[in-house]
Each structure stands twice: as structure tokens, then as C-alpha cells.
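So that the names make sense, note that chain A is the first sequence line, chain B the second, and so on, each numbered from 1.
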2 protein chains.
Amino acid sequence: MNSPCLTCDLRRKPLFEQLTDDELTDIMHSRSGQVSMPPKQDIAPSPRIGDAVCTLIAGWAFKYRRLPNGSRQILDILLPGEAIGLEKALTGIMDHHVQSLTPVTVCVLDNGAVQDHLIGRPTRYRTLIRTLFAKERRYENRLAAIGRLTAPQRIGYLMLEIFDRVRDLGIGNGSWVHFPLQRQHIADSLGLSGTHVNRSLTELRDRGLATLGSNMLVIHNRDALISFACYTTSEPTGCQFIL
Amino acid sequence: MNSPCLTCDLRRKPLFEQLTDDELTDIMHSRSGQVSMPPKQDIAPSPRIGDAVCTLIAGWAFKYRRLPNGSRQILDILLPGEAIGLEKALTGIMDHHVQSLTPVTVCVLDNGAVQDHLIGRPTRYRTLIRTLFAKERRYENRLAAIGRLTAPQRIGYLMLEIFDRVRDLGIGNGSWVHFPLQRQHIADSLGLSGTHVNRSLTELRDRGLATLGSNMLVIHNRDALISFACYTTSEPTGCQFIL
DNA sequence: CGTGAACTTGAGGCCCCTCAAGGAGTGTGG
DNA sequence: CCACACTCCTTGAGGGGCCTCAAGTTCACG
């Protein structure tokens, strides 16, 4: 039951910090199970998982918040390897929801055990801090995009950001990637309306920059799209924290 | 020359982590000096400070980025106690500028010494992580505000956020605070134009919510403004990291 | 008193929103 | 096999929020 961590392919990817045997054993012991869910389900908080920490090991999800006026703001897209609810374990606060975008599988961990895991492991602290700084940069980029770019530019920015993150994970293939976000997800990520996202997508296609087909994104001219969307290409973060 | 840290009033404020004598001595030794600058000057990177880490000990500043199309996006307002350039020391990357908003004073530290300071001090690591999570929440709030609120709502949100941060620092006084942001600063923080900020300010005043006078913000009806601006009141973060 | 920066106010226009209806694809039940 | 429902995508029309450009006003400062 606790063996999967040792043979987990995801951890081995060069994007992530490579754990020592000691660390791996410790994580394994704090693992309480594995849960799979269909798309469009709230992962956290949820009846099945509560507000425990978990690691997304397969599938896509997104972090979002709902405003008093009913609208939804998507805060981040979550890819395999990302921790869900870590802030709940470490700071006691979790003021957003996480919903699955595709079928997902998560590893559920024990909150207290995660806190204990970090104690006495300064390397892990340092990696977590680097990862948090990287996320801060991503938020800053997003802020600049939403605040200062037009709709087609924002969409181009989102495309490039996701494209690069998928590529860094090592699951990209040339100039196209799997892209399970619907129009409304893009809209809620970028402060737009669903219908206008659609119009902007045709503009991106007509300009020969990128095409969004059925769950598939093709980038026709990366350099042109980068300059069109004012994209700041981010150098790989070194190693990313993973639980 | 190195004694000021021991008598520094800023560190004693309850908002910040209280350092042990050992930690304080260590910080003192990595201090290379103190610099004062007038408003509207770039603090980092700058000829006088380079890209060294420093702590803002008096005055207001802001973090910003300039886009290829010439526009400016303000990423965050910096208040006394905030570290400048910490990401440069810990991750090697610093892709924004910091400019003074009022006359400021910063304590300049040695980059390498700051890295060494953290090693072997898990409590400081933990505080830094909590502070980074808190900043992540602030960015998420800002993202939701810019993405999903109207101009007057966004401005109300910014007012409340700054008001609360100043109050948490212990330098607020009842229902008004010093507020050195100009129209254009507000605009560049919230993805608006300077002229429209002005129009929105008159709306906030006409609604009896808040008035922005010469470098002074008065909040007339806090509860009404909170509900108008969809503000999520943030519980104090416990203790904030300070160098 | 002249100068420059910031604030204020107006006019016109565009980007994006809202509302609405139709089309395409998919799963379900008869 | 087809009708039906449901979701998502697409396209259109109209309107409003915010932008841009521009001129006038206030204020600090030399």
C-alpha cells in the first residue's frame, strides 16, 4: 500500500527536487491513501478529502475563488506535482477552492506529518522557499498581463505560460500540447467574458499565432506570440518542491 | 556604526517576528550601511545600492515592472519592515524595480551573509515561509480584484488593503491614514488610467465611502466600503519576517 | 511671479460586456 | 436508430465602462 512512492515516475522528472531515501520513506509513512476523481469536481475542500494536504499526481486542476457578486476568479492552473492545501497545513489558512479540470488522481497526506517532515530538513525548506518565490514571480507576471494587456494578448500570455510549464514537466511534444481549459476557464483566469475569449481566439488564429482546437493548443509562431503577448520567458526554476 | 539594530524601534513592533539576541547580532554583522533617498528614486537596482538585499526601515516604496509597450504595472506597495531584493539573494533572480514613494531609509545588507544567516535557523525559515504564503494570498486577492471588479471597487479594495497594512504596523490613527500614492500610482496598481481613477474617486466620495485628500485617505464607512469592494478582511499573519 | 507637476474636467471612441439565439457535439432513453 | 436534453462553442446586436487626447485649474517651489 505504501510502496508506490518508491516507483513513482512523477518524482523522477528533472523538474522536481530529488528526495533522499530518508525523505522518501518519511513521506511514504505520512501517506494515507490515493483518490481519483472525474472532471469538474471540487477536490479541496471536499467531502472525500476534507482539507488535508495532497499532491496532484495525475491530471489538471485549477485554484479558484468565488466573489460575493457571483463571479469566479481562477487563481492558478495546477499540473501534476503541485501540492494542494499546503498553506492549510503550514499557516492554517486556505481561502480558495480547487477543482479538477480532467480526471485526476491525488495522494492524500496527513497534515501534521507534513509539518513534522520539514523539521530538521533545511534542504527541503530551501526548496520550498525557492518554489514560493517562483510562484510569486508567476503571480506578478499574471498581474501585469491582466492589468496592462488587451484580451488577445492576455490569452497569448496564458497559452505560453501553460505551454512552458507543460514542457518543463516533460510531457509536451513539439509545438502543441494538451489544453483542457474551456473558454470560460480562460475567461475566469484573465478577467474576461467567455464570448470575448472566443472572439480573441479567432484573432490569434487569423494572425497566425496560435490555434486552440478541441482540448489541444497549437502554437504556430512562438517568437511572434512571445513578442505579441509581452511574454517574459522564465528560466527553469532549478528544482521544484514536491511532497 | 553597527549598534542601531539593537535600538531599532521598527523591529519591536508586534507585527514582526522578535529576533533572539543571537540572530540580531548576526544581522548586525551583515549590515554594511544605511542609505536615505528622496521620493521618486529607484532604490533597486540603483547605482548606490546595486542589487544588494536591504530592509526598508522608513518611508513608502513600490515594486513595479515596465512592459515592452511602455506601460508600468505596480506589483506591490512596500511599507517599513519589508525586505527589498531578498529574491535576488535567495534565488538569483530579480525582475522588477523598486522606487521610493516618500523619502525613504534602507539598511543595506550583504547578500552572502543573508544566505548564511538563515542556515541553521529553522525558526527563521518557517517565518519566511509563512510570510511568503501571506504574500501569495495578497496577490491572489489583488488578482481577483483586478480581474473581476469595476474601477471604483478596485480602488476601494486597494484603500482597504493599505489601510489595514498600515494599521497592522501600528502607525494608523483611527479612520484616516497617510496615503502617498498619486492618481497614476493607483492607476498602475489596478490596471486603470489616471483620469479614470480620478472619476472613480469622486464616485467613492459621493457614495460617502472614502475620500482621498492631499496624501491622506479617510474611510468614512468601513463596513459599507468592505461590502462595496468585496474586500476579504485578512486576519493578522501572526508574525512577519524581517531581516 | 513664472514654471512645472499633478489634479480636474470634457469629448469622443474603442474594447469588452451583456443578452440572446443558433449550431455542433455527446450521452441517454425509448 | 432517432428524439431529446445538455453542455459548450459560435456569432450577432447593442450598450456601457474605461481609454485616449486635450485643455484648463490648482498648487508647490524657486
Side-chain angles (χ1 to χ4, degrees), chain A residues 38-41 62 67 69-74 99-103 145-158 179-207 210-217 228-229, chain B residues 38-41 62 67 69-74 99-103 145-158 179-207 210-217 228-229:
Chain A
K40 292 178 171 297
Q41 294 278 316
F62 63 93
L67 276 73
N69 61 26
S71 62
R72 177 179 70 175
Q73 175 67 40
I74 292 183
Q99 186 170 119
S100 57
L101 216 38
T102 68
I146 295 185
R148 287 293 173 223
L149 301 183
T150 67
Q153 288 177 306
R154 294 182 209 181
I155 295 174
Y157 196 96
L158 183 68
F179 195 90
L181 282 73
Q182 297 175 169
R183 306 291 185 265
Q184 195 58 49
H185 294 124
I186 299 175
D188 289 344
S189 295
L190 300 173
L192 299 169
S193 72
T195 70
H196 197 63
V197 165
N198 202 50
R199 276 183 256 265
S200 302
L201 283 173
T202 69
E203 181 178 338
L204 285 172
R205 179 163 28 82
D206 292 347
R207 283 170 174 269
T211 302
L212 188 50
S214 55
N215 284 350
M216 189 180 74
L217 166 66
F228 173 74
Chain B
K40 291 176 172 300
Q41 295 279 317
F62 63 94
L67 276 72
N69 62 25
S71 63
R72 178 179 70 175
Q73 175 67 41
I74 293 183
Q99 186 170 119
S100 57
L101 214 40
T102 67
I146 295 185
R148 288 292 173 224
L149 300 182
T150 67
Q153 289 176 304
R154 295 183 211 181
I155 296 174
Y157 196 96
L158 182 68
F179 194 90
L181 281 74
Q182 297 175 168
R183 306 291 185 265
Q184 195 57 50
H185 294 123
I186 299 175
D188 289 344
S189 295
L190 300 173
L192 299 169
S193 72
T195 70
H196 197 63
V197 165
N198 202 47
R199 276 183 256 266
S200 301
L201 282 173
T202 67
E203 180 177 337
L204 284 173
R205 179 164 28 81
D206 292 347
R207 283 170 174 270
T211 302
L212 188 51
S214 55
N215 283 351
M216 189 179 75
L217 166 66
F228 173 74

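Non-hydrogen atoms lying under 4.0 Å from DNA chain D are contributed by Arg183(A), Thr195(A), Asn198(A), Arg199(A), all within residues 183-202 of chain A.
Checked for salt-bridge contact, Glu203(B) and Arg199(B) miss the test: no charged N lies under 4.0 Å from a carboxylate O.
In this structure, Ile155(B) places its CD1 atom 14 Å from C1' of dC7(C), rounding to the nearest Å. Nucleotide dG17(D) holds its P atom 15 Å from the CG atom of Asn69(A), rounded to whole Å. Atom CG in Asn215(B) sits about 11 Å away from atom P in dA28(D), given to the nearest Å. Computed from coordinates, the Glu203(B) CD to dG16(D) C1' distance equals 13 Å when rounded to whole Å. One can place CG of Leu212(B) at 13 Å from C1' of dA6(C), the figure rounded to the nearest angstrom. Atom pair Asp206(B):CG and dT8(C):C1' shows a separation of 14 Å (rounding to whole Å applied).
Remark: the backbone N or O of Leu192(A) is paired with a side-chain donor or acceptor of Arg148(B) at under 3.5 angstrom. Counting only distance, with no hydrogens or angles, the side chain of Gln41(A) and the backbone of Gln99(A) share no donor-acceptor pair below 3.5 Å. Looking only at distances, a side-chain donor or acceptor of Ser100(A) sits under 3.5 Å from a matching main-chain atom of Pro38(A). Side-chain N or O atoms of Arg154(A) include one that pairs as donor or acceptor with a backbone N or O of Leu149(A) at under 3.5 Å. A donor-acceptor pair under 3.5 Å links the side-chain atoms of Gln153(B) to the main chain of Phe228(B), judged by distance alone.
Axis orientation changes by 30° from one end of the helix from dC1(C)-dG30(D) to dG30(C)-dC1(D) to the other, with each end axis drawn from 5 pairs and the value rounded to 10°.
Residues Ile186(A) and Leu212(A) meet the side-chain proximity criterion, which asks for heavy atoms closer than 4.5 Å.
Within the 4.0 Å cut-off from OP1 or OP2 of dC6(D), not a single side-chain nitrogen or oxygen of Lys40(A) is found.
With dC18(D), dC7(C), dC16(C) as the choices, the nucleotide that has an atom nearest any side-chain atom of Gln182(B) turns out to be dC7(C).
Distance CG/Asp206(A) to OG1/Thr211(A): 9.0 Å, rounded to 0.5 Å.
Every residue was checked against the ring-ring contact (aromatic ring centres under 6.0 Å, His included) condition with His196(B), not counting sequence neighbours, and none meets it.
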